[in-house]
Amino acid sequence: MTTDTLTGRRIAILATDGVEQVELVQPREAVENAGATVTLVSLDHGDIQAMESDVHAADTFTVDRVVADVSADDFDALILPGGTTNPDQLRVDAEAVAFVRAFVQARKPVGVICHGAWTLVEADVLKGRTLTSYPSIRTDIRNAGGTVVDEEVVVDGNLVSSRNPDDLPAFCAKIVEHFAA
């Protein structure tokens, strides 16, 4: 379904090698179908390798911009897809962490799914926040001062979170709604 709900909105997707393909593709399609302009931001120029179920190579995606050359000021919202190695690489990159932190601190909408919350943990922006995630990183979220609930989609202020690819229909609908507000 195509709408104009997000026409004029600029959405960044921050991802690198190891991103779970479906968690990149479906949210991207949802916000593009709502009229947003989407920019794939990564650590380096070139292509990133997406994965299926974390272990099977899937498609590659061309990076539009590198995180060193962008700012949260360039965008209206951010999507953080999961996959285990994707956020694990992002959270050790100071520029990627600063980029994510800037969105949260500016109260710009951030959609995060599955293991994507690892980057939020590293950005130290979860104190007092409630979200959901993949079960294996829930202790990390709690240790970072967040509260974890086991729900399909959770909204806490500017954060929209979901647990895994099974939650994508609800997640995609909620990010479009939240990014439009």
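Since the model is a prediction, treat every value here as computed from it, not as a measurement.
Residues L90 and A96 share a closest heavy-atom pair of O-CB, 3.6 Å. When all heavy atoms of F179 and P109 are compared, the pair lying nearest together is CD1-CB, 3.4 Å. Nearest approach of T84 to W118, heavy atoms of both residues: O-CZ3, 3.5 Å. Here the closest non-hydrogen pair linking T130 and D156 is N-OD2, 2.6 Å. L78 and F99 get closest at one heavy-atom pair: CD1-CE2, 4.0 Å. Closest non-hydrogen pair, E23 versus G83, comes out as OE1-N, 3.7 Å.
Looking at heavy atoms from C-beta onward, V153 lies in side-chain contact with K174 at the 4.5 angstrom threshold. Side-chain contact between V63 and D47 is absent, with no heavy atoms from C-beta onward closer than 4.5 Å. M51 places none of its side-chain heavy atoms less than 4.5 Å from the side chain of V19. Taking the side chain as every heavy atom from C-beta outward, L168 and V22 approach each other to under 4.5 Å. Between I11 and T37 the shortest side-chain heavy-atom distance does not fall below 4.5 Å. Taking 4.5 Å as the limit, every side-chain heavy atom of L43 sits out of range of all side-chain heavy atoms of V66.
Side-chain atoms of K108 come within 3.5 Å of backbone N or O of A72 as a donor-acceptor pair. Distance alone, capped at 3.5 Å, is enough to place a donor-acceptor pair between the S71 side chain and the D73 backbone. Formation of a donor-acceptor pair under 3.5 Å by the N86 side chain with backbone atoms of G18 is not found in this model. Put simply, the side chain of T5 never gets that close to the backbone of A180: no donor and acceptor are under 3.5 Å apart.
Counting only N and O atoms by type, the side chains of R138 and N143 include no donor and acceptor under 3.5 Å apart. T85 and H115 are not linked by any side-chain donor-acceptor pair at a separation below 3.5 angstrom, with hydrogens and angles left out of the test. Defined by atom type and a distance below 3.5 Å, a donor-acceptor pair is missing between the side-chain atoms of D64 and T39.
Classification of D76 and R10 as a salt-bridged pair holds, one side-chain N sitting under 4.0 Å from a carboxylate O. A salt bridge links R163 to D167: at least one charged side-chain nitrogen sits closer than 4.0 Å to a carboxylate oxygen.
With a 6.0 Å radius and a threshold of 12 heavy atoms from other residues, nucleotides or ligands, F61 has its CZ atom above the threshold.
Atom CZ in F171 sits 10.5 Å away from atom SG in C114 (nearest 0.5 Å).
Here the rule is side chain to side chain contact (heavy atoms under 4.5 Å, CB included) with E122, and of V97, D93, V100 only V97 fits it. When T147, V148, I141 are each tested for a side chain to side chain contact (heavy atoms under 4.5 Å, CB included) with L126, only one passes: I141.
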